[in-house]
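These notes are about the structure you will find just below.
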Protein chains: 2
Amino acid sequence: MRREVTLRDVAELAGVSSRTVSNVVNGYANVTERTRERVQRAVEELGYRPNVLARNLAQGRSGQIAVVVPYLDTPYFSELLQSVIRAARVSGYNVLIDQTDGDPEHERAFIADGSRRLLFDGVIFSPLGLDQQALTNRDRRLPLVILGERSSDGSFDHVGIDDVAASRQATEHLIDLGRQRIAAIGDQPYATGEAAQRRTRGFREAHAARGRTPREDLIISTPRFNRPDGAQAMEHLLDLAEPPDAVFCYSDLVALGAIRTLLSRGLRVPEDVAVVGYDDIEDGRFSNPTITTISPDKEMIATTAVERLLLRISSPTPPAGLELRAPHKLIIRESTAGRSTPG
Amino acid sequence: MRREVTLRDVAELAGVSSRTVSNVVNGYANVTERTRERVQRAVEELGYRPNVLARNLAQGRSGQIAVVVPYLDTPYFSELLQSVIRAARVSGYNVLIDQTDGDPEHERAFIADGSRRLLFDGVIFSPLGLDQQALTNRDRRLPLVILGERSSDGSFDHVGIDDVAASRQATEHLIDLGRQRIAAIGDQPYATGEAAQRRTRGFREAHAARGRTPREDLIISTPRFNRPDGAQAMEHLLDLAEPPDAVFCYSDLVALGAIRTLLSRGLRVPEDVAVVGYDDIEDGRFSNPTITTISPDKEMIATTAVERLLLRISSPTPPAGLELRAPHKLIIRESTAGRSTPG
DNA sequence: CTACGCTTTTGCAGCGCTGCAAAGCAAAGC
DNA sequence: GCTTTGCTTTGCAGCGCTGCAAAAGCGTAG
């Protein structure tokens with residue numbers, strides 16, 4: 001395998017200094033048209049390609065940002081990621097993706113271990129079970145933007161929707177439909193379940209706002225927010241003496257799992273049990289029935305996150321950590337409203 | 001911001017040469033226990049972290065591999081990616097993900113533009129609309145493994161399932177169910193639609209094998225393999241004078257879209273129309289009805305691809321390009337078999 | 001006591017690029 | 001004609017690490 005073509009090779013052929021070649025290649029100003037052309041020709045003749053590694057080292061930056069998510073195959077994250085990649089690309093950044101499998105240890109390692117720090121100029125992090133302390137003790141030199149449920153300690157930005165309000169809205173929708181026994185699937189009453197707990201809080205607030213008391217036995221915990229979790233939780237609920245007539249699910253996947261159980265038990269959605277989901281993933285727009293859901297503005301979350309991160313990267317003094325709220329809305333579909341055009 | 005701690009700083013504090021520190025940090029053999037300890041202490045005291053960029057440059061490798069897929073939010077790809085990331089991580093590789101949006105131009109650029117070459121040691125590429133020529137003209141120095149439908153020209157490996165056989169199997173299943181008018185959704189009768197065309201070939205072969213002739217007007221082309229494509233194609237099929245009583249969909253997403261249309265038109269699946277999908281994504285296991293599908297062994301595809309890529313990376317002389325077939329199977333679910341436990 | 005062989009440590013060069021500051025040069029001003 | 005000004009180009013050092021080969025240390029054999 002022949003040696004790589006370097007700047008110096010090009011410089012020699014073009015009869016200029018290697019620094020000038022660098023200037024041309026990087027499109028710096030103040031290069032004569034004549035010189036530029038000559039260099040260009042040499043570049044093409046030799047098939048020169050800049051060595052990104054060397055450039056990174058010399059510049060002390062990598063032109064990459066990392067996005068860390070728990071699971072890639074969770075539609076919410078993959079949809080979000082897609083938007084992040086697009087937004088980053090516009091600014092000339094590559095995106096390195098890391099999947100933590102929701103393992104708090106892995107998450108902590110990623111934040112704490114600065115050795116990979118130089119591989120990317122900043123990180124967009126969507127933690128699942130990360131404790132606040134790990135965030136606070138991290139290497140502050142790495143620009144960070146957090147997605148999801150977490151409040152900023154001032155050293156990073158946080159982008160998310162108002163989960164409590166959104167959950168309250170979803171629950172109120174069920175109450176206003178006249179449902180009497182409303183269940184919630186997805187609580188996680190332990191340290192790393194902050195996200196879930198906010199949704200439970202909204203669920204409770206909705207009941208309080210309508211002068212109701214939630215039935216505690218209808219609040220079901222699940223280890224994750226996946227289809228099987230929803231399916232299993234629903235099984236449990238249907239086995240109760242007084243099963244629910246409505247369910248607020250903490251993700252659309254949970255809702256899809258729950259609906260699957262309901263239908264296979266011969267129940268009708270929404271006639272027998274109304275279902276609300278969360279995330280507005282594409283599945284929910286094509287499922288049978290389609291799913292009423294909380295729709296966070298993913299596009300805005302992604303672009304805001306990238307924008308703030310790039311600001312942090314380019315800023316010599318770290319900007320104050322901001323709490324950024326993206327908008328959300330309740331989208332009503334068949335799983336609560338029924339089929340509009342009855343087949 | 002203070003200067004980074006370097007190997008030399010550690011060396012000075014520990015009273016050894018920087019090369020020795022490097023040896024310790026990298027766990028090289030032949031370091032006295034005494035020396036190792038002294039260095040370790042200095043490392044900890046200064047909070048030294050190796051500079052990955054510098055290491056990469058010195059070693060001429062990056063320890064990263066890239067995976068290029070058309071869409072991240074397509075479950076098939078995100079499920080596959082997840083397996084690839086896991087497999088790569090086991091071997092100490094990071095995964096850089098790039099999304100082409102299925103844009104042939106973007107795909108070509110990725111392959112042709114060697115400038116990013118050094119950012120990663122190899123590429124696993126799942127092309128959509130890439131012509132064979134771009135593959136052949138590429139920079140051969142970059143180790144490459146292709147996923148999906150493509151045949152190797154000997155300069156890279158190709159991992160995929162036997163699409164023709166799988167499609168034939170899916171279609172034969174529908175024929176054997178006694179269906180008379182079997183449609184196919186997802187053909188792409190143009191240069192970049194190789195993948196789709198193999199499925200169409202299998203579809204035809206199945207008919208031939210059973211002494212049937214496929215109805216040409218029931219073979220529907222779609223621009224992509226998404227839910228909306230399936231929904232729309234199904235609309236079209238149902239508007240025909242003689243609509244189909246079975247559909248072979250070229251992806252599970254297409255199947256989900258098609259089923260959505262069927263149900264909202266008041267038709268029953270599978271009683272009125274049986275549906276087979278392709279990919280075995282999780283959605284299809286929880287949808288209503290669940291989807292009969294071709295299940296490629298994604299885990300094996302991922303681990304094989306990573307394994308072959310790492311072999312290419314570490315091999316001084318490029319190994320011959322292999323055609324690697326992963327197994328697949330037909331999984332029969334409700335969309336053709338009906339509900340086993342009628343609700 | 002010297003020689004030898006083995007393990008451990010070192011010094012140096014250099015990966016390929018860019019930052020910096022100085023040098024070169026042409027046009028403009030006195 | 002000589003200096004000033006402003007644009008181009010250059011040379012050099014160095015980013016922080018590792019490969020290489022030589023040097024040093026050390027125990028054992030002759």
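Here is the naming used below: chain letters follow the sequence lines, and residue numbers restart at 1 for every chain. Given the structure is predicted, the values throughout are model-derived calculations rather than measurements.
For Arg86(B), the salt bridge (Lys or Arg N to Asp or Glu O under 4.0 Å) criterion is met by Asp101(A), not counting sequence neighbours. Checked against side-chain hydrogen bond (donor to acceptor under 3.5 Å, both in side chains), Arg19(A) has the following partners two or more places apart in sequence or in another chain: Ser22(A), Asn23(A). Partners of Glu44(B) according to the side chain to side chain contact (heavy atoms under 4.5 Å, CB included) rule, which considers only residues two or more places apart in sequence or in another chain, are Gln40(B). For Thr20(A), the side-chain hydrogen bond (donor to acceptor under 3.5 Å, both in side chains) partners two or more places apart in sequence, or in a different chain, are Ser17(A). Applying the side-chain hydrogen bond (donor to acceptor under 3.5 Å, both in side chains) test to Glu105(B) and every residue at least two apart in sequence or in another chain returns Arg108(B). By the side chain to side chain contact (heavy atoms under 4.5 Å, CB included) test, Glu79(A) is found to be paired with Pro75(A), Ile281(A), Glu282(A), Lys298(A), Asp73(B), residues two or more places apart in sequence or in another chain being considered. Taking Arg140(A) as the reference, Thr136(A), Arg138(A), Asp153(A), Ser155(A) meet the side chain to side chain contact (heavy atoms under 4.5 Å, CB included) condition, with sequence neighbours excluded.
Within a heavy-atom distance below 4.0 Å of DNA chain D, the residues of residues 11-20 of chain A found are Val16(A), Ser17(A), Arg19(A), Thr20(A).
Taking the charged nitrogens against the carboxylate oxygens, Asp297(A) and Arg325(A) have no contact shorter than 4.0 Å, which rules out a salt bridge. Checked for salt-bridge contact, Arg141(A) and Glu4(B) meet the test: a charged N lies under 4.0 Å from a carboxylate O.
Side-chain contact between Tyr48(B) and Leu7(B): present, with at least one pair of heavy atoms (C-beta onward) separated by less than 4.5 Å. Side-chain contact check for Pro296(A) versus Tyr76(A): some heavy-atom pair is nearer than 4.5 Å. For the pair Leu53(B)/Leu53(A), no side-chain contact is recorded, criterion being any heavy-atom separation below 4.5 Å from C-beta on.
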Enumerate all atom pairs, one protein N or O and one N or O from nucleotides 23-28 of chain D, separated by less than 3.5 Å.
none

Would you list the protein and nucleotides 6-8 of chain C atom pairs, both N or O, that sit under 3.5 Å from each other?
unit_1 : atom_1 : unit_2   : atom_2 : d
dT8(C) : OP2    : Asn30(B) : OD1    : 2.6
dT8(C) : O3'    : Thr32(B) : OG1    : 2.8

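Within a 6.0 Å radius of CZ in Arg8(B), no more than 12 heavy atoms belonging to other residues, nucleotides or ligands are found.
The nearest whole Å value for the distance from the CG atom in Asn56(B) to the P atom in dT18(D) is 10 Å. In this entry the distance linking CZ of Arg8(B) with C1' of dG16(D) reads 7 Å, nearest Å. The separation between Leu7(B) atom CG and dC15(C) atom P is 19 Å, rounded to whole Å. For the pair Gln59(A) CD and dA13(D) P, the computed distance is 21 Å after rounding to whole Å. Taking atom CG of Leu57(A) as the reference point, atom C1' of dC15(D) lies 4 Å away to the nearest angstrom. In this structure, Arg49(A) places its CZ atom 20 Å from C1' of dC15(C), rounding to the nearest Å. For the pair Arg36(A) CZ and dC7(D) P, the interatomic distance rounds to 16 Å; values are reported in whole Å.
Base pairing of dT28(D): its partner is dA3(C), meeting the Watson-Crick or G-U wobble criterion (both donor-acceptor distances under 3.5 Å).
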Original post:
In the 5'-to-3' direction, what one-character label does each nucleotide of nucleotides 21-26 of chain C receive under the scheme B = base within less than 4.0 Å of a protein heavy atom, S = sugar-phosphate only, - = no such atom?
Top reply: ------
List the atom pairs, with distances to 0.1 Å, where a side-chain N or O of residues 62-69 of chain A and a protein N or O form a donor-acceptor pair under 3.5 Å, not counting sequence neighbours.
unit_1   : atom_1 : unit_2    : atom_2 : d
Ser62(A) : OG     : Gln64(A)  : N      : 3.2
Ser62(A) : OG     : Leu119(A) : O      : 2.8
Ser62(A) : OG     : Asp121(A) : OD1    : 3.2
Gln64(A) : NE2    : Leu119(A) : O      : 3.4

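Across the interface with DNA chain D, nearest-nucleotide mapping of Leu53(B) and Tyr28(B) shows Leu53(B) to be the residue nearer the 5′ end.
Listed pair Asn26(A) / dT18(C) meets the phosphate criterion, a side-chain N or O lying under 4.0 Å from OP1 or OP2. A sub-4.0 Å separation between OP1 or OP2 of dT8(D) and a side-chain N or O of Asn23(A) is absent.
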